[in-house]
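Remarks on the structure that follows.
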Amino acid sequence: MSQIYRRAAGAALFALTLAPVAALAEDASATPPQGLVSFLPAPSGPSQPADTAGSSPGVSVASLPSDAMVPSPPLPTDRGFYISADGSGQSVSLPTVNLGFVNTTNGLTTPPFLENGSTTSHNPTATGVGVDLAFGYFLPPGTVSPALGSAPRVELDFNLVDADQRQSTFLVPPVDSGAGVVAVMLNGTVINNGPVCNITGISLSCPTNSTESTDFMTWHLAAKVASDFPLGGLMTATPSLSVIGGEGHNNIAVSQTQTQISLGAPGIQQTYSARTKLNWDDVGGKAGLTLKAPLSSWVTASISGSVALVDRDTSLRGSDMYTGTFPGGIPLPIPPQTSPMFSAVSSSKNTMAVLSNVEGSLSFQACQNVSVRFFGGMNYDDSVPGVRAPVFFGSVLGQTGGTPARIKFVGETSFYGGAGLVIHF
């Protein structure tokens with residue numbers, strides 16, 4: 001039923017935009033109103049000078065200023081169709097990733113070796129590109145009531161953000177004397193052969209390497225209606241309403257290696273790797289407002305903002321692997337566990353997400369029908385999907401339960417800047 005609902009919503013989104021355009025396509029070719037020259041009297045023949053008494057009243061063409069014969073630039077409502085294209089650089093903050101190894105409490109406590117927080121934590125910021133394409137149509141004058149503003153228009157807008165990142169860390173876990181480091185699988189199972197990493201008076205440590213990579217992408221399609229409202233002076237307000245739908249993914253890969261160093265010699269070695277895939281669908285609505293004012297006859301400044309509310313369905317799939325060896329590569333078989341170990345998880349979760357945007361831009365009129373703009377802005381998504389780390393309950397030596405990795409929603413901010421153009425037809 002969810003797929004049927006989303007396909008129906010997608011079909012309605014296209015129909016909302018294309019139906020008015022098809023119905024009004026013939027009006028776009030209507031004959032423009034006559035200009036000033038059409039109302040001038042016909043020139044007199046040789047036998048009847050133009051200033052002879054009894055001639056038709058009117059204005060002599062020769063008496064007009066030189067620029068009176070030049071038609072004024074077309075208004076937006078005279079242009080009909082338009083397209084716009086933007087390209088941008090993107091910087092997207094994403095939820096923290098802390099899968100894999102965790103610290104434990106002192107082995108001399110009762111009970112010993114309880115969970116004591118993640119050994120490594122990554123805070124990814126993905127960078128990449130953004131693309132925004134729009135196809136719109138100005139409705140002919142009189143199509144809608146003047147109370148709904150001037151230059152009303154419909155628009156189909158597509159935007160995409162594609163970004164990635166990779167980061168590595170090296171650290172020596174700051175654990176208490178007698179404490180250790182263990183791996184927790186995605187399904188919530190703790191590995192029971194983790195090494196002790198610190199004993200007071202003994203040279204003992206567990207240097208750890210951790211690498212995390214992210215592949216992030218979102219796209220949205222919006223059917224929008226908008227109109228202009230003069231605010232007095234030269235400023236204009238343009239409110240808009242949109243129906244939007246789209247998809248996104250956040251794919252994460254983690255790889256960790258840890259070696260116990262005892263009195264300068266390598267001891268137990270652990271490796272851990274995980275792959276998780278988050279996918280989501282968005283359906284909802286958006287309201288926007290743009291304020292613009294000309295700085296000169298060819299430069300216009302504007303600031304815009306929008307807020308969207310979408311229903312977000314998210315799914316998670318993941319798998320991981322652990323290996324542990326003694327010096328010399330001998331596997332660590334601690335019954336009932338054996339090395340290597342594998343696990344997998346899958347789950348889904350729904351939420352209502354709020355997406356907001358603020359943007360400033362400068363537009364330059366390159367020629368009569370083409371303008372170029374430069375812009376910068378900020379997006380905020382209060383429900384970016386991420387992976388909540390699994391946890392185990394009880395001691396490493398006697399686990400009493402656990403919670404597998406699951407979906408979390410985190411508010412994150414992204415920044416962007418770029419350039420684009422608008423062409424009127």
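Below, each value reflects all heavy atoms present in this structure, side chains not excepted, and no hydrogens, waters or symmetry copies. In this text, all values refer to a predicted model and were calculated from it rather than measured experimentally.
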Side chain to side chain donor-acceptor pair (under 3.5 Å): pairs with one or both residues in residues 183-195, sequence neighbours excluded: Asn187-Thr189, Asn192-Gln337, Asn193-Tyr322
Mind checking whether [X] and [Y] have side chains closer than 4.5 Å, heavy atoms only?
{"X": "Thr214", "Y": "Asp164", "answer": "no"}
{"X": "Glu115", "Y": "Phe393", "answer": "no"}
{"X": "Thr218", "Y": "Trp280", "answer": "yes"}
{"X": "Lys408", "Y": "Thr314", "answer": "no"}
{"X": "Ser361", "Y": "Ser302", "answer": "yes"}
{"X": "Thr169", "Y": "His122", "answer": "yes"}
{"X": "Gln260", "Y": "Leu204", "answer": "yes"}
{"X": "Gln270", "Y": "Phe101", "answer": "yes"}

For [X] and [Y], which heavy atoms make the closest approach, and how far apart are they?
{"X": "Pro95", "Y": "Pro385", "answer": "CG-O, 3.7 Å"}
{"X": "Pro294", "Y": "Leu234", "answer": "CD-O, 3.5 Å"}
{"X": "Tyr380", "Y": "Glu412", "answer": "CD1-O, 3.3 Å"}
{"X": "Val181", "Y": "Gln258", "answer": "CG1-NE2, 3.1 Å"}
{"X": "Val92", "Y": "Ser414", "answer": "CA-CB, 3.8 Å"}
{"X": "Pro195", "Y": "Cys206", "answer": "CG-SG, 4.3 Å"}

Establish, yes or no, whether a centroid distance under 6.0 Å links the rings of Phe135 and Phe81. yes
Pair Asp381-Arg312, salt bridge (Lys or Arg N to Asp or Glu O under 4.0 Å): steps then yes or no: CA-CA 12 Å; Asp381 186 332; Arg312 176 167 290 171; 3.1 Å; yes
So Val97 and Val254, side chain to side chain contact (heavy atoms under 4.5 Å, CB included) or not? Walk me through it. CA-CA 9 Å; Val97 177; Val254 174; 3.8 Å; yes
Cut-off 3.5 Å, side chains only: do [X] and [Y] have a donor facing an acceptor?
{"X": "Ser93", "Y": "Thr413", "value": "no"}
{"X": "Asn357", "Y": "Asn379", "value": "yes"}
{"X": "Gln256", "Y": "Thr120", "value": "yes"}
{"X": "Gln167", "Y": "Gln165", "value": "yes"}
{"X": "Thr105", "Y": "Asn116", "value": "no"}
{"X": "Glu212", "Y": "Ser210", "value": "no"}
{"X": "Asp282", "Y": "His220", "value": "yes"}
{"X": "Gln365", "Y": "Ser371", "value": "no"}

Is a donor on one side and an acceptor on the other found under 3.5 Å between the side chain of [X] and the backbone of [Y]?
{"X": "Ser118", "Y": "Ser121", "answer": "no"}
{"X": "Ser168", "Y": "Thr211", "answer": "no"}
{"X": "Ser145", "Y": "Ala147", "answer": "yes"}
{"X": "Ser205", "Y": "Pro207", "answer": "no"}
{"X": "Asn279", "Y": "Ser315", "answer": "no"}
{"X": "Ser227", "Y": "Leu148", "answer": "yes"}

For the [atom1] atom of [X] and the [atom2] atom of [Y], what is their distance to the nearest 0.5 Å?
{"X": "Leu289", "Y": "Ser304", "atom1": "CG", "atom2": "OG", "value": "8.5 Å"}
{"X": "Ser84", "Y": "Asp132", "atom1": "OG", "atom2": "CG", "value": "6.5 Å"}
{"X": "Leu291", "Y": "Leu231", "atom1": "CG", "atom2": "CG", "value": "6.5 Å"}
{"X": "His249", "Y": "Asp162", "atom1": "NE2", "atom2": "CG", "value": "6.5 Å"}
{"X": "Arg317", "Y": "Asn251", "atom1": "CZ", "atom2": "CG", "value": "9.0 Å"}
{"X": "Arg388", "Y": "Ile407", "atom1": "CZ", "atom2": "CD1", "value": "11.0 Å"}

Under the criterion side chain to side chain contact (heavy atoms under 4.5 Å, CB included), I'd like the reasoning laid out for Val182 against Val102: C-alpha separation, chi angles, the key distance, then a yes or no. CA-CA 6 Å; Val182 297; Val102 300; 3.7 Å; yes
Return the orientation label for the Phe374 and Phe364 ring planes: parallel under 30°, perpendicular over 60°, tilted otherwise.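 Aromatic pair Phe374/Phe364 classed perpendicular.
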Test side chain to side chain contact (heavy atoms under 4.5 Å, CB included) applied to Thr276 and Leu316, step by step: CA-CA 7 Å; Thr276 63; Leu316 166 67; 4.1 Å; yes
May I ask you to decide whether [X] forms a salt bridge with [Y], counting only side-chain N to carboxylate O separations under 4.0 Å?
{"X": "Asp313", "Y": "Lys349", "value": "no"}
{"X": "Asp157", "Y": "Lys224", "value": "no"}
{"X": "Asp215", "Y": "Lys277", "value": "no"}

Pick one: which of Thr208, Asn103, Thr104 meets side-chain hydrogen bond (donor to acceptor under 3.5 Å, both in side chains) with Thr119?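 So, applying the side-chain hydrogen bond (donor to acceptor under 3.5 Å, both in side chains) to Thr119 and each of Thr208, Asn103, Thr104, only Asn103 qualifies.
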Can you list every salt bridge (Lys or Arg N to Asp or Glu O under 4.0 Å) pair that touches residues 352-368, not counting sequence neighbours?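 As it turns out, the salt bridge (Lys or Arg N to Asp or Glu O under 4.0 Å) pairs with a partner in residues 352-368, which skip direct neighbours, are Glu359-Arg373.
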Side chain to side chain contact (heavy atoms under 4.5 Å, CB included) for Leu295 and Thr300? Distances and angles first, verdict last. CA-CA 5 Å; Leu295 302 182; Thr300 301; over 6 Å; no
Would Glu155 and Tyr82 count as a side-chain hydrogen bond (donor to acceptor under 3.5 Å, both in side chains) if you check the C-alpha gap in whole Å, the side-chain angles of each, and the deciding distance to 0.1 Å? CA-CA 9 Å; Glu155 182 177 297; Tyr82 64 91; 2.6 Å; yes
Who passes salt bridge (charged side-chain N to carboxylate O under 4.0 Å, His left out) against Asp320, sequence neighbours left out?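 Once residues adjacent in sequence are excluded, Asp320 has no partner under the salt bridge (charged side-chain N to carboxylate O under 4.0 Å, His left out) criterion.
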Tell me, with the steps shown, if Asp176 and Asn198 meet side-chain hydrogen bond (donor to acceptor under 3.5 Å, both in side chains). CA-CA 6 Å; Asp176 297 331; Asn198 189 10; over 6 Å; no
Asp228 and Thr238: side-chain hydrogen bond (donor to acceptor under 3.5 Å, both in side chains), yes or no, with the steps? CA-CA 5 Å; Asp228 295 338; Thr238 305; 2.6 Å; yes
